[in-house]
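All chains are named by letter (A, B, ...) in the order of the sequence lines, taking the proteins before the strands, and each is independently numbered beginning at 1.
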Amino acid sequence: MQLRRQPLPAPQPGDPYPAAPLLALLLLLALQGAAAAAPAGSGEPEDSGWRQDAELPRGLLSQAARAALHFFNFRASSPSALRVLAEVQEGRAWINQKKEYKVDLVFTTELYNPEEGKEHLGKCSARVFFRNEKPRPAINITCTRLIEKKTRQEEDYQLYKYMKQLKNLLDVVSIPDSHGHIDPSLRPIWDLAFLGSSYVMWEKTTQFLHYYMAQLSSVKQWKTNEDAIDFDYTVLLHEFSTQEMIPCHIHLVWYPGKPLKVKYHCQELQTPEEASGTEEASAVAPTELSNF
Amino acid sequence: MQGLLILSVLLGAVLGKEDFVGHQVLRISAADEAQVQMVKELEDLEHLQLDFWRGPAQPGSPIDVRVPFPSIQAVKVFLEAHGLRYTIMIEDVQSLLDDEQEQMLASRSWARSTNTFNYATYHTLEEIYDFMDLLAAEHPQLVSKLQIGSSYEGRPIYVLKFSTGGNNRPAIWIDTGIHSREWVTQASGVWFAKKITQDYGQDPAFTAILDNMDIFLEIVTNPDGFAFTHSKNRMWRKTRSLTSGSTCIGVDPNRNWDAGFGKAGASSNPCSETYHGKFANSEVEVKSIVDFVKDHRNIKAFISIHSYSQLLLYPFGYKRESPADKDELDQVAKSAVEALTSLYGTKFKYGSIITTIYPASGGTIDWTYNQGIKYSFTFELRDTGRYGFLLPASQIIPTAQETWLALLTIMEHTLNHPY
């Protein structure tokens with residue numbers, strides 16, 4: 001990938017602030033009235049020991065962008081406004097003695113569900129911490145050129161109404177099928193499953209590991225009798241650097257406009273083939289949001 | 001009713017080895033009892049070899065009869081002379097049988113020719129092997145099928161050779177499907193095979209390539225894995241070999257080559273998707289290619305095709321050190337990617353394996369490069385993660401078309417830069 005890096009003043013030991021040009025860019029984005037979120041870089045505690053990593057580990061910026069986007073999608077809780085990475089434009093990383101990373105970056109995004117002739121390139125700036133103790137990367141992210149909130153809310157509500165009247169989803173297996181086909185009537189289920197998986201993938205992304213949702217393998221439960229959509233399902237997540245397929249069981253509750261609630265449990269990497277389902281080490285303990 | 005009759009005729013043809021070229025089926029209307037009698041007389045003339053599907057009964061009932069080609073003129077003269085009205089129900093029985101046969105086979109995904117083969121869908125191992133035979137039969141001067149070995153589970157490993165002559169000409173090698181779940185690659189390989197037979201003699205640039213070089217194309221490089229993706233687990237990547245001391249099956253065939261074997265970038269855990277195997281070339285699927293390459297001695301470009309990620313890669317994966325030909329390989333990659341992108345705008349990145357994707361030891365093109373095959377490249381085809389391995393079949397042909405442009409660039413460069 002091509003990086004545009006601006007010439008920088010020599011970093012000072014213990015200097016936690018991004019170099020001047022990047023800071024200016026971030027402030028500019030913040031002033032443009034970006035979506036309500038704290039501009040990246042503010043309110044951060046003084047951390048000693050960050051030194052700028054001149055030689056960026058291969059793919060680190062992409063890793064950071066993906067983690068940031070998973071978090072962004074989860075936080076937006078909007079199945080009609082999902083975003084994927086288009087291109088990393090610039091970035092910088094710092095490393096500390098514990099080999100943890102702090103990454104500042106700017107990247108462009110595309111719609112997860114591209115529409116004919118409707119290109120909707122968004123732009124984000126983010127700060128991502130890949131830490132060792134806390135399992136998930138800490139993210140500050142601000143995006144611009146998003147779909148208008150009102151449009152997004154309307155589309156979410158249409159999706160919600162559609163999903164409320166869906167029945168007989170328990171026989172759903174394998175979306176997409178072996179030939180990559182997703183029945184158009186089931187597309188919203190795929191999108192909602194992806195939204196729930198975003199939470200999981202955010203938590204599991206590190207500077208070395210990143211994930212894609214490969215397949216929705218089964219629907220365990222689909223409840224719409226109360227207000228919210230209650231969706232219990234299993235997915236296969238494809239981890240790229242190890243090429244492993246990780247089965248995960250995810251349970252989400254979604255109501256348009258409200259924050260998504262997710263619980264999940266994934267299988268440990270590299271279990272023997274025959275023992276699928278029976279060998280479940282909980283390297284990742286089921287994680288809950290405070291109000292679920 | 002007609003279908004059943006035709007089926008029985010077909011069976012008759014198959015069993016009795018008859019053919020029905022030029023035979024016609026006539027529908028005769030007998031207006032009165034006298035006319036019915038006349039048709040009965042016709043029935044008695046054995047030398048005409050008439051086959052009544054619906055015999056003469058009473059006036060008003062249609063009489064259907066299959067008339068063999070030699071008897072057609074005589075029968076029509078007779079009918080017209082006696083004022084018997086008739087229509088031609090079937091102009092040529094054989095061509096109708098051929099059409100039906102084709103349809104029957106097509107609905108079972110068995111094509112009768114590579115022109116009726118469906119390139120826009122994913123196929124089974126049997127269908128792809130059948131395709132190879134069809135292509136070789138249709139183009140015996142250009143295409144031959146070689147068996148370079150047998151898989152762990154005993155399936156034949158085939159390579160298609162495209163050659164316009166010469167004796168051990170410098171050659172291009174292309175393989176697809178070494179990782180069985182990467183279905184768009186085998187599907188593209190099938191498309192490339194057909195494309196080669198179409199473009200030779202038609203496209204001047206490609207004709208020049210094949211007039212001077214041979215092309216070897218291994219479409220299903222991992223047949224056991226591929227069969228397994230159809231029968232049990234669509235996401236299977238590795239071979240299906242048993243590993244003693246483990247319940248886990250399979251070795252990653254792209255970590256099993258003798259280039260930095262066992263170093264960082266592969267796993268020693270048999271249960272891992274990147275398990276390198278007990279020793280280099282332990283996998284017969286890999287060893288077969290190694291033996292072929294060493295015996296041939298004149299392969300000048302080696303291209304191994306994977307999915308997904310949209311990348312074009314050159315060595316190395318097992319070490320940071322750049323290959324001696326790095327600058328040239330980078331240039332070729334750049335041109336190839338430009339050609340690819342020109343078709344549908346699909347964006348590809350390019351570079352060495354270790355800097356562009358991840359460290360990977362024991363990889364195919366690291367070995368081939370170290371053997372002296374300078375133009376060693378690996379592709380990662382569509383997409384970038386939306387569908388991943390489960391790429392919709394509707395994208396097979398566009399993927400194959402754009403990739404072909406990149407392959408042409410590499411092949412042309414190889415032709416113009418002999419070494």
When rounded to the nearest 0.5 angstrom, what is the spacing between [atom1] in [X] and [atom2] in [Y]?
X: B:H230; Y: A:S178; atom1: NE2; atom2: OG; result: 8.0 Å
X: B:M235; Y: A:Q215; atom1: CE; atom2: CD; result: 4.5 Å
X: A:Q243; Y: B:K238; atom1: CD; atom2: NZ; result: 12.0 Å
X: A:E244; Y: B:C271; atom1: CD; atom2: SG; result: 9.0 Å

Test of understanding: with ring-ring contact (aromatic ring centres under 6.0 Å, His included), list the residues that count as partners of B:F316, not counting sequence neighbours. B:Y318, B:Y369
How would you list, by chain and number, every residue that makes a ring-ring contact (aromatic ring centres under 6.0 Å, His included) with A:H181, sequence neighbours excluded?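 Residues passing ring-ring contact (aromatic ring centres under 6.0 Å, His included) with A:H181: none at all.
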Strictly distance-based, threshold 3.5 Å: is any side-chain N or O of B:R386 a donor or acceptor partner for the main-chain N or O of A:Y112?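 Between the backbone of A:Y112 and the side chain of B:R386 there is a qualifying donor-acceptor contact (under 3.5 Å).
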Out of B:D252, B:I354, B:T356, return the one with the most heavy atom pairs under 4.5 angstrom to chain A. B:I354
For B:S246, is it the side chain, the backbone, both, or neither that has a heavy atom closer than 4.5 Å to a heavy atom of chain A?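 Neither part.
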Chain A contact residues among residues 388-401 of chain B, heavy-atom distance under 4.5 Å: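 Only B:F389, B:L390, B:L391, B:P392, B:A393 of residues 388-401 of chain B have a heavy atom under 4.5 Å from chain A.
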Geometric class of the B:Y387/A:W190 ring pair [parallel <30°, tilted 30-60°, perpendicular >60°]: parallel
Any side-chain heavy-atom pair of B:R237 and A:M245 under 4.5 Å: no
Can you name the residues that form a salt bridge (Lys or Arg N to Asp or Glu O under 4.0 Å) with B:R181, not counting sequence neighbours? B:E273
Distance flag, aromatic centroids of B:Y308 and A:Y212, threshold under 6.0 Å: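 A:Y212 vs B:Y308: aromatic centres under 6.0 Å.
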Part of A:L236 lying under 4.5 Å from any heavy atom of chain B: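 Only the side chain of A:L236 comes within 4.5 Å of chain B.
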Portion of A:F240 that has a non-hydrogen atom of chain B nearer than 4.5 angstrom: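 Its backbone and side chain both get close to chain B.
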